[in-house]
Protein chains: 2
Amino acid sequence: MSAERAKHDVFHAIADPTRRQLLKLLSKEEMPVTAISANFPISRTAVSKHLRVLAEADLVRERKSGRETRYSLNPEPLRELQDWVQYFELFWDNKLNKLRHLLESEQQGE
Amino acid sequence: MSAERAKHDVFHAIADPTRRQLLKLLSKEEMPVTAISANFPISRTAVSKHLRVLAEADLVRERKSGRETRYSLNPEPLRELQDWVQYFELFWDNKLNKLRHLLESEQQGE
DNA sequence: GAAAAACGAAACCATTTGGTTTCGTATTTA
DNA sequence: TAAATACGAAACCAAATGGTTTCGTTTTTC
């Protein structure tokens, strides 16, 4: 039930540079579509489609208000990304080797 | 000179689940293509293409050894991803609001 | 009430993507 | 030296992607 496979996951959602810019923009404040798309060289419709991809990954929330739809950032799903990248942090700066040496010396009682 | 725009950046490279699996696999040890592709339900050629995408993003390094090509993880470019996601960490748990309150109280000398 | 504004839906298009199979070329091995 | 192994290159294909324009609907404004 909780493992609902979204059609667009976080990794896919942030792959596109325009969508990353959208997230940055929306991190500052909630905004309606037209105001958002004023920041991009592509059509409002194109921006709208990107927003839907982000919404499917739950990275943005939409709130209807009269004739406009306001979008805002929901950063929570980015935790998955952070968790993922954190695994590899182990391999930076030879951290793995350091850990291995640590474990070996522990085993020898020193 | 240093700002060479790679055709495939890190964000694009990790968007595909197969490629993420490849990185996990190669984090354990350096491996030749055939051994790698034994872990996947797709053809060796398909795996090879994924590896090239990863190589273009500099996430893997290739080393020729006789008739085989051994691939290994290079985690360094993932830092860019971590930096990117770190920005948004600010918005988790209302950290931004906490920071704002902190700054306001500082300004008032308390 | 008519005009304007804000938006989504739909149809369409070129390019990219992720996969396949087939073939050629080195390098090992028997 | 002949056969087998490891691999990349190339041609091909269906589906997804990122964009467009056009049109309809709802809400606001004049």
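For the numbers below, each heavy atom of this structure counts, side chains included, while hydrogens, waters and symmetry mates do not. Please read these numbers as outputs of a predicted model, since none were measured by experiment. Below, read A as the first sequence line, B as the second, and so on, with proteins coming before strands; counting in each chain starts at 1.
A straight line from CD of B:Glu56 to C1' of C:dT16 spans 13 Å, rounded to a whole angstrom. Between the CZ atom of A:Arg52 and the C1' atom of C:dA9 there is a distance of 8 Å, rounded to whole Å. Taking atom CE on A:Met31 and atom C1' on C:dC7, their separation rounds to 15 Å, with Å as the unit. Atom-to-atom, NZ of B:Lys64 to C1' of C:dT25 comes out at 10 Å; the value is rounded to the nearest Å. Distance, B:Ile36 CD1 to D:dC7 P: 8 Å, rounded to whole Å. Rounded to an integer number of Å, the gap from A:Glu68 CD to C:dA5 P is 14 Å. Following rounding to the nearest Å, B:Arg19 (CZ) and C:dT16 (P) show an atom-to-atom distance of 15 Å. Put simply, CG on A:Leu22 is 13 Å from C1' on D:dG18, counting in whole angstrom units.
The shortest distance between the side-chain N/O atoms of A:His12 and the OP1/OP2 oxygens of D:dA16 is not below 4.0 Å. Taking only side-chain nitrogens and oxygens, B:Arg44 never comes nearer than 4.0 Å to OP1 or OP2 of C:dT20. Phosphate proximity of D:dA6 to B:Thr69: absent, as no side-chain N or O sits under 4.0 Å from OP1 or OP2. For D:dT20, one of the phosphate oxygens OP1 or OP2 lies less than 4.0 angstrom from a side-chain nitrogen or oxygen of A:Ser43. Between B:His50 and C:dG19, a side-chain N or O to OP1/OP2 separation shorter than 4.0 Å is present.
Within 4.0 Å (heavy atoms only), A:Phe40 reaches no atom of the nucleic acid at all.
Applying the 3.5 Å distance criterion, the base of D:dT5 shares a donor-acceptor pair with the side chain of B:Arg67.
Map B:Ser48 and A:Lys49 each onto its nearest nucleotide of DNA chain D; the residue landing nearer the 5' end is B:Ser48. Summary of the strand contacts: A:Thr45 and B:Ala35 both lie near DNA chain D, and taking for each the nucleotide with the nearest heavy atom, the more 5' one is attributed to B:Ala35.
B:Asn74 contributes a side-chain N or O that, together with a main-chain N or O of B:Asp58, makes up a donor-acceptor pair within less than 3.5 Å. Judged purely by atom type and a 3.5 angstrom limit, B:Arg70 has no side-chain atom pairing as donor or acceptor with the backbone of B:Glu30. Under the 3.5 Å distance criterion, the side-chain polar atoms of A:Ser48 are left unmatched by any main-chain donor or acceptor of A:Thr45. Here the side chain of B:Arg20 pairs a donor or acceptor atom with the backbone of B:Ile14 at under 3.5 angstrom.
Among the nucleotides D:dG19, C:dG8, C:dT20, the one closest to the side chain of B:Ile42 is C:dT20.
By the 30° and 60° cut-offs, the orientation of the rings of A:Tyr87 relative to A:Phe91 is perpendicular.
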